[in-house]
Number of protein chains: 2
Amino acid sequence: MAELRSDARRNLERVLDAAERVFAASGPAASIDEIARLAGVGHGTVFRRFPTKDDLMYAVIERHVAQLQAMAEEALAADDPGEGFFDFARRAAELMMGTPGIHKCVVHCGEKPGAAELEHLGRKLVSRAQRAGALRRDIEPAEVGPLVRAALLAAPPGHWRRYLDIVLDGLRA
Amino acid sequence: MAELRSDARRNLERVLDAAERVFAASGPAASIDEIARLAGVGHGTVFRRFPTKDDLMYAVIERHVAQLQAMAEEALAADDPGEGFFDFARRAAELMMGTPGIHKCVVHCGEKPGAAELEHLGRKLVSRAQRAGALRRDIEPAEVGPLVRAALLAAPPGHWRRYLDIVLDGLRA
DNA sequence: CCTGAAGCGGACTCTGCAGTCCGCTTACGT
DNA sequence: ACGTAAGCGGACTGCAGAGTCCGCTTCAGG
């Protein structure tokens with residue numbers, strides 16, 4: 001990655017920026033051609049760095065996952081497990097809903113990228129809250145994320161916070 | 001519809017049956033070719049009866065919508081508004097989740113077909129339950145359906161009942 | 001500078017879909 | 001039984017997007 005020629009590095013950056021914007025706007029349905037056009041490069045250039053569209057999507061997603069991971073770690077350090085969980089849910093939702101298209105990409109990928117770590121943190125967060133009696137126990141820790149995400153995506157543009165409240169209320173013990 | 005030649009009527013039936021099965025399996029992504037193949041007809045035959053894929057989808061969906069409508073009317077007649085609503089939700093979910101692909105088609109169409117009536121019934125059902133104090137008031141009657149449907153579709157295959165419970169709990173006053 | 005390797009980009013292929021068209025077939029009234 | 005209009009089906013078109021390839025351009029080291 002450091003071995004790239006200067007023009008190549010510049011183009012790579014442009015591609016990633018464009019991809020982020022286009023995926024954010026159109027979700028997984030975004031086309032490589034559109035990204036290349038916005039980046040001001042030929043689409044062959046995109047494919048040289050990212051052999052498939054999914055590869056590019058992962059690259060874009062990875063930055064977001066990193067942010068979520070930091071939040072999750074912080075939440076795990078909270079004194080009150082219940083509050084840690086609900087705060088995290090709200091903050092994560094705020095982040096994801098800033099770029100709904102990318103949110104859809106995450107759902108689309110089944111979170112394959114480097115999300116094993118994040119998923120692990122999420123599970124810990126949930127089961128800690130369950131043990132503390134703040135969360136209903138009849139749901140698997142791994143299932144909470146998908147449920148919340150689905151509710152967020154189903155909401156009409158401005159109203160996802162209401163949907164989130166409802167689902168979080170439903171999750172309470 | 002009664003003016004059809006006998007072979008045409010038979011083919012029409014075959015097409016609808018095949019479409020139902022294929023849409024149920026693959027959702028809105030199903031291809032006309034696959035439906036035609038399963039029906040044992042050329043795809044030109046499908047297009048003669050249903051000029052666009054959406055037309056065919058509507059035809060398939062309509063039967064399901066009719067069933068839901070009957071349920072909704074029954075639920076509106078229930079003594080307890082809250083119970084009427086929650087029973088309807090569970091029964092409707094049971095019906096829809098029997099054919100998840102068709103459920104996806106319904107979501108895909110934004111329920112255009114003849115669903116104005118059903119939507120109206122749904123709104124009445126919700127606002128009646130809200131007035132009776134059985135349902136939280138900070139959600140529009142028209143928003144309840146999408147939220148519930150999204151949760152159902154997000155559930156891993158066998159577990160949608162759990163997801164439904166959670167969302168319905170969240171909806172309680 | 002000059003050169004060769006790295007990089008570029010767009011023309012090209014391939015795939016899969018919706019939707020059209022028309023020569024052939026078949027049901028059905030007489 | 002036969003004439004004809006209704007019906008059939010598959011070859012065809014058009015489109016859009018993913019991924020490939022290769023002749024040309026540009027960077028960077030000597």
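A note on names: the letters A, B, ... follow the listed sequences, proteins ahead of strands, and every chain is numbered from 1.
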Rounded to the nearest 0.5 Å, what separates atom [atom1] in [X] from atom [atom2] in [Y]?
| X | Y | atom1 | atom2 | value |
| --- | --- | --- | --- | --- |
| A:Arg161 | B:Asp138 | CZ | CG | 14.0 Å |
| A:Leu164 | A:Arg149 | CG | CZ | 12.5 Å |
| A:Thr99 | A:Leu95 | OG1 | CG | 6.5 Å |
| B:Asp169 | A:Ile166 | CG | CD1 | 12.5 Å |
| A:Leu125 | A:Glu74 | CG | CD | 11.5 Å |

(request) Identify the 5'-most and 3'-most nucleotides of DNA chain C with at least one atom closer than 4.0 Å to a non-hydrogen atom of chain B. (result) C:dC17 to C:dC28
In this structure, how many angstroms lie between the [atom2] atom of [N] and the [atom1] atom of [X], rounded?
| X | N | atom1 | atom2 | result |
| --- | --- | --- | --- | --- |
| A:Phe47 | D:dT20 | CZ | P | 8 Å |
| A:Asn11 | D:dT26 | CG | P | 12 Å |
| B:Arg14 | D:dG7 | CZ | P | 16 Å |
| A:Lys53 | D:dT20 | NZ | P | 15 Å |

(request) Using the side-chain hydrogen bond (donor to acceptor under 3.5 Å, both in side chains) rule, collect all pairs that involve residues 38-51 of chain B, keeping only residues at least two apart or in two chains. (result) B:Asp33-B:His43
(message) Using the rule given for side-chain contact (heavy atoms from CB on, under 4.5 Å), can you reason through B:Gln69 versus B:Glu117, listing the C-alpha separation, both sets of side-chain angles and the distance that settles it, and then say yes or no?
(response) CA-CA 8 Å; B:Gln69 205 158 311; B:Glu117 179 60 20; 3.0 Å; yes
(request) Using heavy atoms to find the nearest nucleotide of DNA chain C for B:Asp7 and B:Gly44 separately, return the residue whose nucleotide is more 5′. (result) B:Gly44
(message) Judged by each residue's nearest nucleotide on DNA chain C, which is more toward the 5′ side, A:His43 or A:Arg49?
(response) A:Arg49
Which side-chain N or O atoms in residues 13-29 of chain B pair as donor and acceptor under 3.5 Å with protein atoms at least two apart or in another chain?
unit_1, atom_1, unit_2, atom_2, d
B:Glu20, OE1, B:Arg63, NH1, 2.9
B:Glu20, OE2, B:His64, NE2, 3.1

(message) What residues from residues 25-38 of chain B pass a heavy-atom cutoff of under 4.0 Å to DNA chain C?
(response) B:Ala30, B:Ser31, B:Ile32
(message) Checking contacts here: which listed nucleotide (D:dA28, D:dA18, D:dG7) is nearest the side-chain heavy atoms of A:Ser6?
(response) D:dA28
(request) Starting from the first five and the last five pairs of the helix from C:dC1-D:dG30 to C:dT30-D:dA1, work out the angle between the resulting helix axes, to 10 degrees. (result) 0°
Going by atom type alone, with no hydrogens or angles, which donor-acceptor pairs under 3.5 Å involve a side-chain atom of residues 79-88 of chain B and a protein atom two or more places apart or on another chain?
unit_1, atom_1, unit_2, atom_2, d
B:Asp80, OD1, B:Gly82, N, 2.8
B:Asp80, OD1, B:Glu83, N, 3.2

(request) Identify whether the distance between the nearest side-chain nitrogen and carboxylate oxygen of B:Glu140 and A:Arg162 falls below 4.0 Å. (result) no
(message) Looking at B:Arg123 and B:Glu119, is there a salt bridge between them, counting it only when a charged N and a carboxylate O are closer than 4.0 Å?
(response) yes
(request) Scan A:Arg10 against the nucleic acid and name what it touches under 4.0 Å (heavy atoms): base, sugar-phosphate only, or nothing. (result) nothing
